[in-house]
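Reckoned from all heavy atoms, side chains included, excluding hydrogens, waters and symmetry mates. Residues: numbered from 1 along the sequence shown. As the structure lists them, so they are numbered: ligands from 1, and atoms in each ligand from 1.
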Amino acid sequence: MENQIRYTSTRNRGISVTASQAVLQGLAPDGGLFVPETIPHYAGSFEKLSGQSYQETALEIMSMLLTDYTREELEQCIRSAYDSKFDIPEITRLKKADGAWYLELFHGATIAFKDMALSILPHLMTCAARKNDVTDEIVILTATSGDTGKAAMAGFADVPGTRIMVFYPKGGVSPVQEKQMLTQRGSNVHVVGINGNFDDAQSAVKRIFSDVKMKERMKLGGKRFSSANSINIGRLVPQIVYYFYAYGQMVKSGEIGAGDPINIAVPTGNFGNILAAWYAKQMGLPCAKLICASNENRVLVDFFHTGTYDRRREFILTSSPSMDILISSNLERLVYEAAGEDADRTRLFMESLSSVGIYEISDAMRERLQDFYGDYTTQDGTKEQIRRVYEECGYVMDTHTAVASDVYRRYRGNTGDMTKTVIASTASPYKFARTVVSSVRPELSDAGDQELFDALRELSGVDIPPAVRDILTAPILHNTVVDVRDMADEVLRWLEI
Ligand SMILES: *Cc1c(COP(=O)(O)O)cnc(C)c1O
């Protein structure tokens, strides 16, 4: 077929698969990430976009990139994903506050932006298995910094033909995040805490994926691995949709004219969300700056400032735990593009990152990253921004969103750039209730859970979401904790292979 988009590995141009094969495999066999061989261009009008529903926008954008899925297949996936699991019919919402537009991406079942992609990924994956005559049981292995785990389990729980195993850093996630995961029901789910941080979990999962012996045992057992992390293009593609949708909503409300540029600011960890914005821009979305906001794990800020990526530093546990990451996996895709789609060079960078912990890109490559502006905020700065925006505008945001909000506030002050800016709002404040409430009401720092949630309801005027109400009473169903070196054994044990 013409206009088919195929996917290649960031580390080997010899690899070329269809979109559905890339979704099924998750990670390329050489350990690289799948990237589209060509990036399609959006030829629709922004006027028209402004009249479309979320689901219509999703169909239009996803069919440009997932070209071997039929229109009917994509429609079916979209219909099953973006339904009443979301608490607003429009799926995402823009809220204007403090001179910016907050794109609320947390109206799904687990109240973090991960729901935007993980509510559709299981459908894309089971459809991909059918299309490719795969009858193996699909085993999703996932490392989580807090939000992916719950959202992925909610998506895959009791989906026939799949199993899902989630590794999270014990002690490295918020109490609500942990409780959400440990109360997960479903006969095909397994949650495991590890004595280590997110980077340890993610690196070990990638090793398990690429382990030849493991692959053989899986094959014998009639199983195969895939990933629900943002290394899977089945996560990345659905994330491009909401930037187009948000742009349409800005046009619709008269905030911008069709074709006017916007900036996009994103609280960043594994670089998946902001990379989706970058792809949206390459596809033709009028976007000027991409503002990459980090917490005290500021490895990306230093990278954008110096061209050197250096993970050899202290891993800091912060109040925005989903961004506590020193190895931002998806940056590999941007580095590959900045290298002029040079897979050999990208592979050498990534080998250097894993062996010595550092790599440095050339000036010519840095030149290609001018769209990005990187900065970070401390934990005190995060709390102060939550308090300030609440007191000045009455808008309550979560700790991750506050990192982006504060970075954007300083960006505007430093540059004078008044381009209208959309800030990705990545989680409900309820998910990080203690930090959020104590930012505004320090006297409640030691309050009990119920008291915190009640206070938050009063401050925000938003009811306690079902996702939070449920965990107050739900029984704990998981209690496994292992060392990082025992993760592979735990996989074998649980799968009985
Ligand atoms: C995952 C997550 C992030 C970071 O997104 P990346 O795509 O990993 O950069 C930010 N905020 C919240 C609440 C998250 O769950």
> Distance only, no hydrogens: is a donor on one side chain within 3.5 Å (strictly under) of an acceptor on the other, for Thr377 and Arg410?
yes
> Sort and list the pairs that fulfil ring pair (Phe, Tyr, Trp, His ring centres under 6.0 Å) and have at least one residue in residues 96-124, not counting sequence neighbours.
Tyr102-Tyr395
> Look only at the side chain of Tyr390 and the backbone of Val436, and say whether a donor-acceptor pair between them is shorter than 3.5 Å.
no
> Arg412: what forms a salt bridge (charged side-chain N to carboxylate O under 4.0 Å, His left out) with it, not counting sequence neighbours?
none
> Thr419 side chain to Pro261 main-chain N or O, any donor-acceptor pair under 3.5 Å?
no
> By the side-chain hydrogen bond (donor to acceptor under 3.5 Å, both in side chains) test, which pairs, at least two apart or in different chains, include something from residues 109-122?
Thr110-Asp115
> Taking only heavy atoms of the protein into account, state which residues are under 4.0 angstrom from an atom of ligand 1, in chain and number order.
Phe113, Lys114, Asp147, Pro267, Thr268, Gly269, Asn270, Phe271, Gly272, Asn273, Ser322, Met323, His400, Thr426, Ala427
